[in-house]
Amino acid sequence: MNWEALLAPYKQVVEELKVKLKGMRAQFEYESRHSPIEFITGRVKPVQSILEKAESKRIPLNTIEQDIQDIAGVRVVCQFVDDIYTVVDMLRKRNDLTIIEEKDYIAQKKESGYRSFHMIIEYPVGTIHGEKMVIAEIQIRTLAMNFWATNEHSLNYKYKGSIPSDIKVRLQRAAEAAFKLDEEMSKIRNEVQEAQRIFHRK
């Protein structure tokens, strides 16, 4: 399989989505309004990870483009929980992508304590052979959720998906502490934003 050719459109999707999301962030800043987007990252799944996922989920290699929905992944990190839903609404209104599925792991957290909002989208990419529809995943989360998820991901990698039960319990506690932080920050959101406006004016 020519992985470079297969993954090229996915790389294009990640780059284009990053540019568009950064454009949305800049528009808020031009209007001197609080931007719901703190920062954006993106990546294309490494070949080894694609193969491991295909094997664990028994996905044949000839259907990975339909069956593995996070080959292209973009992450939008926000300051406040409300900002996540602002970004979700903005993405729903866009006509340059089609939303296939939404998973709200904030309203319905995962057993591990994981919280995030996932959107599976279809995005048109111009190739030399014409337009190709590419499936990608957009994850939207707060800074606190991102901090927790990054550490959980590292531990999952270290323990090959079988995190010891005592560490699991601590991770769940940490997830609740992170969410408590988000809730407390939401309560003083107006104060924080006013402080940021004063700071930017200077």
Side-chain angles (χ1 to χ4, degrees), residues 1-47 49-50 53-54 57 59 61-108 110 114-143 145-146 149-150 153 193 196 200:
M1 186 178 286
N2 183 346
W3 284 104
E4 213 166 305
L6 181 86
L7 297 178
Y10 290 93
K11 287 179 183 157
Q12 202 173 321
V13 168
V14 169
E15 290 314 311
E16 287 187 25
L17 286 172
K18 276 163 65 181
V19 166
K20 286 177 178 182
L21 287 158
K22 282 175 186 169
M24 281 159 65
R25 182 172 186 250
Q27 282 169 36
F28 277 96
E29 285 165 1
Y30 298 148
E31 294 176 18
S32 305
R33 286 164 63 198
H34 163 74
S35 171
I37 299 170
E38 188 72 13
F39 65 86
I40 300 132
T41 61
R43 61 98 190 100
V44 172
K45 228 184 208 342
V47 174
S49 299
I50 296 170
K53 189 162 186 174
K57 300 212 167 200
I59 295 165
L61 285 183
N62 62 343
T63 68
I64 56 170
E65 290 189 86
Q66 295 78 45
D67 296 337
I68 300 182
Q69 298 180 317
D70 64 343
I71 293 175
V74 172
R75 185 170 299 149
V76 181
V77 180
C78 307
Q79 259 189 311
F80 301 100
V81 176
D82 287 352
D83 291 339
I84 293 171
Y85 295 102
T86 302
V87 173
V88 168
D89 284 339
M90 288 194 303
L91 289 169
R92 283 178 186 151
K93 287 175 186 152
R94 292 191 76 99
N95 54 16
D96 53 354
L97 54 88
T98 307
I99 298 163
I100 300 171
E101 194 183 347
E102 294 182 4
K103 297 172 190 166
D104 188 345
Y105 295 120
I106 300 159
Q108 201 74 49
K110 284 191 181 181
Y114 177 88
R115 286 180 171 94
S116 193
F117 196 105
H118 291 197
M119 283 181 146
I120 305 296
I121 64 154
E122 220 174 22
Y123 185 88
V125 170
T127 76
I128 54 168
H129 305 294
E131 197 173 76
K132 178 182 169 75
M133 296 306 282
V134 175
I135 294 172
E137 181 182 70
I138 302 175
Q139 295 178 349
I140 310 147
R141 52 172 75 148
T142 63
L143 289 154
M145 290 170 195
N146 194 50
T150 304
H153 183 77
Q193 287 175 356
Q196 285 170 340
H200 285 306

Test side-chain contact (heavy atoms from CB on, under 4.5 Å) on I106 and Y85; report intermediate values, then the result.
CA-CA 10 Å; I106 300 159; Y85 295 102; 3.6 Å; yes

Strictly below 4.0 Å, N to O, side chains only: are D96 and K20 in salt-bridge contact?
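Salt bridge flag = yes for K20 with D96.
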
Measure across [X] and [Y] and return the closest heavy-atom pair with its distance rounded to 0.1 Å.
{"X": "D83", "Y": "C78", "answer": "CB-CB, 3.6 Å"}
{"X": "A107", "Y": "D104", "answer": "N-OD1, 3.0 Å"}
{"X": "I71", "Y": "R43", "answer": "O-NH1, 3.3 Å"}
{"X": "R141", "Y": "R115", "answer": "CB-O, 4.4 Å"}
{"X": "M90", "Y": "P36", "answer": "CE-CG, 4.0 Å"}
{"X": "Q66", "Y": "Q69", "answer": "O-CG, 4.1 Å"}

So do the side chains of [X] and [Y] get within less than 4.5 Å of each other, counting heavy atoms only?
{"X": "T86", "Y": "D89", "value": "no"}
{"X": "E65", "Y": "L6", "value": "yes"}
{"X": "W3", "Y": "I50", "value": "yes"}
{"X": "K53", "Y": "D70", "value": "yes"}

Quick one: [atom1] on [X] to [atom2] on [Y], what's the gap to the nearest 0.5 Å?
{"X": "L21", "Y": "I40", "atom1": "CG", "atom2": "CD1", "answer": "5.0 Å"}
{"X": "I135", "Y": "I68", "atom1": "CD1", "atom2": "CD1", "answer": "11.0 Å"}
{"X": "E101", "Y": "I121", "atom1": "CD", "atom2": "CD1", "answer": "13.0 Å"}
{"X": "L17", "Y": "R94", "atom1": "CG", "atom2": "CZ", "answer": "8.5 Å"}
{"X": "L97", "Y": "L91", "atom1": "CG", "atom2": "CG", "answer": "6.5 Å"}
{"X": "L7", "Y": "N2", "atom1": "CG", "atom2": "CG", "answer": "9.0 Å"}

What pairs of residues pass the ring-ring contact (aromatic ring centres under 6.0 Å, His included) test when at least one of them lies in residues 8-42, not counting sequence neighbours?
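Those involving residues 8-42 are H34-F80.
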
side-chain contact (heavy atoms from CB on, under 4.5 Å) evaluation trace for R75 with N146:
CA-CA 9 Å; R75 185 170 299 149; N146 194 50; 3.2 Å; yes

More than 12 heavy atoms of other groups within 6.0 Å of E131 CD:
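Counting neighbours around CD of E131, more than 12 heavy atoms of other residues, nucleotides or ligands fall under 6.0 Å, so yes.
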
My understanding is that only residues two or more places apart in sequence, or in another chain, count here; which of them pass salt bridge (charged side-chain N to carboxylate O under 4.0 Å, His left out) with R25?
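R25 satisfies salt bridge (charged side-chain N to carboxylate O under 4.0 Å, His left out) with E29 once adjacent residues are dropped.
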
Contacts of type salt bridge (charged side-chain N to carboxylate O under 4.0 Å, His left out), residue D82, not counting sequence neighbours:
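R189.
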
